[in-house]
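Have a look at the structure below, then the notes.
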Amino acid sequence: MMPRSTLPIVAALTLAMSVSAHAATIQITMENLVIAPAQATAKVGDTIEWINKDVLAHTATARNGEWDVMLPPKKNGTLVLKKPGTIEYYCRFHPNMKATLTVQP
Amino acid sequence: MFVRLSAAIAAVSLLGGAALAQGAKPTDPQIAHIAYTAGVIDIAAAKQALKKTHNKEVKAFAQDMVRDHEAVNKQALALVKKLKVTPEDNDTSRTLSKNATDKRAELAKLKGAAFDKAYVDNEVAYHKAVDSALETTLIPNSSNAELKSLLQTGLKIFQGHEQHAEHVAASLK
């Protein structure tokens, strides 16, 4: 019989494995001040990779303050999603660049 | 409020008026010159702000303006070189430059919070004026597709700066 205390650990490990097994990298581009796709969906554990194709610096900044990713000119930036929810984000330098990320559990 | 609005109107009518006063549509070499000059003006304004301001947010905004407009003007220079277009000075560019010089002289007399407010308010008005000139005059009249496309990107950048300036202006109140 398995000691009671190991059950949650096994459950957590199984969960972690299943998450990592399915973790994907989702690419979102910023080009000519347009975020594409403007609406993206991902899962907790996935990585978002923003590709800045502009000669300008951009940011991917969550409106709720949860994250703020700097994207220097012609560089990429990544973020591992930790919490579910629908998050609106924008570029702090060019607030007319807006997009939404839906993170599923 | 009245001062800011009238400044914006003056700037808008100036840009549009000067271009229209020529009686002819601006040519690509003139459009390139106007767009480049508009960038140079904003860099000069930002450099003045970097010397004068003690406000963290105003400083960050001014640094953003220098970085963005230098990057865009570098692209603009590369494009005119590629297209073998020589930017041509014109009345609109001259009026823009003269007004900007006057504005900097006016701002030079201010200090502290008064300077910060005047600089940021002018940035809002200036970007609005340039946006309007791009939309109504420069983009529709540009004939080269690459120049038009750069101006269209420029418009989005300027609109972004306008919103950014508005955020900073709101934080100063």
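First the proteins, then the strands, lettered A, B, ... as listed; each starts at 1.
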Let me check something: do [X] and [Y] share a hydrophobic cluster, defined by ILVMFWY side-chain heavy atoms less than 4.5 Å apart, either directly or through other members?
| X | Y | value |
| --- | --- | --- |
| B:I34 | B:L77 | yes |
| A:I87 | A:M30 | yes |
| B:I43 | B:V80 | no |
| A:V44 | A:I26 | yes |

* **Neighbour count >12 (heavy atoms, 6.0 Å) for atom NE2, B:H54** =>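 Atom NE2 in B:H54 is not crowded, with 12 or fewer foreign heavy atoms closer than 6.0 Å.
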* Asked: Under 6.0 Å from the NZ atom of B:K148, do we count more than 12 heavy atoms belonging to anything else shown?
  ->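 Yes, because the 6.0 Å sphere around NZ of B:K148 holds more than 12 heavy atoms from other groups.
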Just how far is it from atom [atom1] of [X] to atom [atom2] of [Y], taken to the nearest 0.5 Å?
| X | Y | atom1 | atom2 | result |
| --- | --- | --- | --- | --- |
| A:L33 | B:I157 | CG | CD1 | 5.0 Å |
| B:D68 | A:H58 | CG | NE2 | 8.0 Å |
| A:H94 | B:Q159 | NE2 | CD | 11.5 Å |
| A:M97 | B:Q163 | CE | CD | 11.5 Å |

* Asked: Is A:N96 reaching over with its side chain to a backbone N or O of B:K156, donor-acceptor style, under 3.5 angstrom?
  ->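 Yes, the answer is positive, given that a donor and an acceptor are paired below the 3.5 Å cut-off.
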* **Derivation of the side-chain contact (heavy atoms from CB on, under 4.5 Å) call for A:V55 and B:V72** => CA-CA 8 Å; A:V55 296; B:V72 174; 5.6 Å; no
* Closest heavy-atom contact between A:P95 and B:G160? ->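 Heavy atoms of A:P95 and B:G160 come nearest at CD-O, 3.1 Å.
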* To do: Determine the sole option in B:R67, B:H161, B:M65 for which the side chain to side chain contact (heavy atoms under 4.5 Å, CB included) test with A:F93 is passed.
  =>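 The residue from B:R67, B:H161, B:M65 that satisfies side chain to side chain contact (heavy atoms under 4.5 Å, CB included) with A:F93 turns out to be B:R67.
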